Enquirer: 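Here's a structure for you.
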Amino acid sequence: MSTDIPAGEPGEVLFAEPGARWRTLLWGPVFCIAVLVVELLTGPVLHWFALGLFAVLLVGFTYVQISAARRHVSVQLTPSALRQGTEVLDIADIGAILPPADYSDGDYEPKKWETARVLGELHGVPRRRHPIGIELVGGALVQAWAKDDDGLRAALEHAKGEYS
């Protein structure tokens, strides 16, 4: 199953977050090379095999995590659809983009949308992402999310304005 907006959808990408970046795969081997350099400079014993094995294991584990993040925690918005992880929501189904929650006062009462279902077939808003309240055309509330929630909110309002 593809997690991209269907190919027949018109328009360019207005907002995108990949969920994770492939360059993260390099961290494990870079640290192993750094340890190897320290061993070359300081001692008679070099752990070539162990460091090579750890580098491969770290790349393998990181690959699985990046693949999952790119599938389940990525965001893509076009003028006609919003994809949150594995779920696609048509812009036509969005009734309103709700204002952000205000945490400035000490006696904070949660908004109804903050307990609504999260888009993307997830149990909650992914870590380091911020929720955006959306009211659907039928009156149901859902939560969209992104690292750059202000950017996604602005792009959603732009897409919703173009669609209307």
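All values below come from the heavy atoms of this structure, side chains included, with hydrogens, waters and symmetry mates left out. Quick caveat, the model's predicted, so the values are computed rather than measured.
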Enquirer: Shared ILVMFWY cluster between Val75 and Leu136, side chains joined below 4.5 angstrom?
Expert: yes

Enquirer: Which donor-acceptor pairs under 3.5 Å do the side chains of residues 29-49 make with protein atoms, sequence neighbours left out?
Expert:
| from | atom 1 | to | atom 2 | distance (Å) |
| --- | --- | --- | --- | --- |
| Glu39 | OE1 | His47 | N | 2.9 |
| Glu39 | OE1 | His47 | ND1 | 3.4 |
| Glu39 | OE2 | His47 | ND1 | 2.5 |
| Thr42 | OG1 | Val38 | O | 2.7 |

Enquirer: Roughly how far, to the nearest 0.5 Å, is CD of Glu135 from NZ of Lys112?
Expert: 10.5 Å

Enquirer: What closest approach, in Å, do Arg71 and Ser74 show between heavy atoms, and which atom pair accounts for it?
Expert: O-OG, 4.2 Å

Enquirer: Exactly one of Leu152, Val118, Ile132 should register a side chain to side chain contact (heavy atoms under 4.5 Å, CB included) with Trp145. Which one does?
Expert: Val118

Enquirer: Would you call Phe15 and Asp148 a side-chain contact if the rule is heavy atoms closer than 4.5 Å?
Expert: yes

Enquirer: When rounded to the nearest 0.5 angstrom, what is the spacing between CZ in Arg153 and NZ in Lys160?
Expert: 15.0 Å

Enquirer: Report yes or no: does Glu157 contribute a side-chain atom to a donor-acceptor pair with the main-chain N or O of Ile97 at less than 3.5 Å?
Expert: no

Enquirer: Do Arg129 and Val125 have side-chain heavy atoms sitting under 4.5 Å apart?
Expert: yes

Enquirer: Within the side chain of Gln143, is there an N or O that forms a donor-acceptor pair under 3.5 Å with the backbone of Ala116?
Expert: yes

Enquirer: Roughly how far apart are Ile94 CD1 and Leu89 CG, rounded to 0.5 Å?
Expert: 5.0 Å

Enquirer: Can Ile91 and Thr78 be said to form a side-chain contact (heavy atoms from CB on, under 4.5 Å), step by step?
Expert: CA-CA 9 Å; Ile91 297 298; Thr78 66; over 6 Å; no

Enquirer: Determine whether Trp113 and Leu82 fall in the same hydrophobic cluster, where Ile, Leu, Val, Met, Phe, Trp and Tyr are linked whenever their side-chain heavy atoms lie under 4.5 Å apart.
Expert: no

Enquirer: Is Arg117 reaching over with its side chain to a backbone N or O of Val142, donor-acceptor style, under 3.5 angstrom?
Expert: no

Enquirer: Does Trp22 CH2 have over 12 foreign heavy atoms under 6.0 Å away?
Expert: yes

Enquirer: Quick one: are Leu122 and Thr86 in side-chain contact, heavy atoms under 4.5 Å?
Expert: no

Enquirer: Check for a donor-acceptor pair, side chain of Glu87 on one end and backbone N or O of Gly120 on the other, with a separation under 3.5 Å.
Expert: yes

Enquirer: What I'd like to find out is whether the side chain of Leu14 reaches to under 4.5 Å of the side chain of Pro79, using heavy atoms alone.
Expert: yes

Enquirer: Do any N or O atoms from the side chain of Thr24 and from the backbone of Arg21 form a donor-acceptor pair under 3.5 angstrom?
Expert: yes

Enquirer: Report the distance from atom NZ of Lys147 to atom CZ of Arg127, rounding to the nearest 0.5 Å.
Expert: 10.5 Å

